[in-house]
There are 2 protein chains.
Amino acid sequence: MKSLTEKQDRVLQFIINFVRDNSVPPTVREIMRGLGFSSPRPVQDHLKILQRKGYLTIKNKVSRGIELSPHLIEIPVLGRVGAGKVIAEQDIEGYIDVGKILTTSKDLFGLRVKGSSMAGAGIHDQDIVVVCRQPFADPGDLVVVVRNGEAFIRWLRKNDNGLYLQANALEGEYPNEELTDDLNMMGKVVFMLRNYSYQLVNPSRIG
Amino acid sequence: MKSLTEKQDRVLQFIINFVRDNSVPPTVREIMRGLGFSSPRPVQDHLKILQRKGYLTIKNKVSRGIELSPHLIEIPVLGRVGAGKVIAEQDIEGYIDVGKILTTSKDLFGLRVKGSSMAGAGIHDQDIVVVCRQPFADPGDLVVVVRNGEAFIRWLRKNDNGLYLQANALEGEYPNEELTDDLNMMGKVVFMLRNYSYQLVNPSRIG
DNA sequence: AATTATACAATACAAATGTATTGTTGTCAA
DNA sequence: TTGACAACAATACATTTGTATTGTATAATT
């Protein structure tokens, strides 16, 4: 990614902050007023430069037609990291836009995990699993089933007798369960979220 | 949430899809053309109704000033789930907007986990931890440090001799490490993501 | 029967908006 | 010193855009 001058970076930061605060990109004149310009032209210049350098794209004749490049709204995923260097370009293995993944599919919902019946699979109390709502699943899937008004997360397994559910606790025995009629398949786990900043996981509990 | 008529839902879905595809909300006339109206007025009517019913808000005199309500861009987090019912309103304990969390803080980056030195903390090979870049951390934090060009995830602990780093594997011994000068503190883990749909975690490996 | 809500059309208008033209100033490398 | 680039100002203009006014038709509700 080509480097920016101080002024160019100021314009880019304004756009990023504007999108964050208003959830829509700014117009040319909103940038103009926001940065104290007295004519639209300097903004046009800056936008063209920012586009040429790959930081955004301008949609022709579209109001608020500024689209920030993925780098700026996604988070980079690093494979290896060089010592000293903060983030080197060559270390980036790709980008994930978690927000997009979670919002483009309509039938997703979160489920806060209670208990430790899946601790062996790295899913702990208070974690949030993101579930894709579907009445079916494949063997090997991590599924959410409901029985007696309570939701469970289990591995869906298969043996000679057919499908069954398997818990995955660290200690204690959870018997395998058959797929009976009182079980309601809610969906399949597609994501797992754990937030360390809001609620610190007690390491002694899971250590 | 109040229910929508068929036509109203059609307008709402158009807006949702438009935002997803164009990353900006549509104008009144874009909705008009998109749904085959021959005047802007019906769109205005629908927007006002959708606002009254709580599905969006209209910003006065702002182009593309349609802001979808959080329910539509966030995912609900359920506490308990009733049997049979798919998702009941009273079960929703809140909403998370993961995309917003990840994009509002600027100094976040993802790091794909290699190895199983933190499997005991539920962090496994190929998981992605989201790191807040900072040169400091508190005891109890899950931190990312770099040594010899390699990144490690460790608990930051404290005893009478001061701070030290602790691994958290399921099996095998990882000795505690001192905070030496060749260690580079990259930041603190604030989120953990595991994607079950793209890459299935082998349950036998972590079970 | 009267009222209300839904749903759409035609037209109008001031303000906002992307874009273009022309020009000035300063910096820096060739 | 010449040319390329960055950075900004003043002005202009055709469209776009949010919004308003007036009106028609249908269905549901009171």
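A, B, ... follow the sequence lines: proteins, then strands. Residue 1 opens every chain. What you see is a predicted model; the values in this text were computed from it and never measured.
- Rounded to an integer number of Å, the gap from A/Asn60 CG to C/dG18 P is 12 Å.
- Nucleotide C/dT25 holds its P atom 17 Å from the NZ atom of A/Lys7, rounded to whole Å.
- What separates NZ of A/Lys48 from P of C/dT19 is a distance of 8 Å, to the nearest Å.
- At the heavy-atom level, B/Arg52 lies under 4.0 Å from the strands shown only through sugar-phosphate atoms.
- Atom CG of A/Leu47 is separated from atom P of C/dT19 by 9 Å (rounded to the nearest Å).
- Look at NZ on B/Lys53: it is 12 Å from P on C/dA5, rounded to the nearest Å.
- As a whole-Å value, the separation of A/Ile58 CD1 from C/dG18 C1' is 10 Å.
- Of the residues in residues 30-45 of chain B, those lying under 4.0 Å from DNA chain D by heavy-atom distance are B/Pro40, B/Arg41, B/Gln44.
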Show each protein N/O and nucleotides 28-30 of chain C N/O combination with a separation under 3.5 Å, one pair to a line.
none

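- Note on the helix from C/dA1-D/dT30 to C/dC28-D/dG3: angle between the axes of the first and last five pairs equals 30°, rounded to 10 degrees.
- Note that CD1 of B/Ile16 and CG of B/Asp21 are 12.0 Å apart. Values are rounded to the nearest 0.5 Å.
- Rounded to an integer number of Å, the gap from B/Ile49 CD1 to C/dC8 C1' is 12 Å.
- Side chain of B/Arg29, nearest nucleotide from D/dG18, C/dT6, D/dA6: D/dG18.
- For the pair B/Glu6 CD and D/dT26 P, the interatomic distance rounds to 19 Å; values are reported in whole Å.
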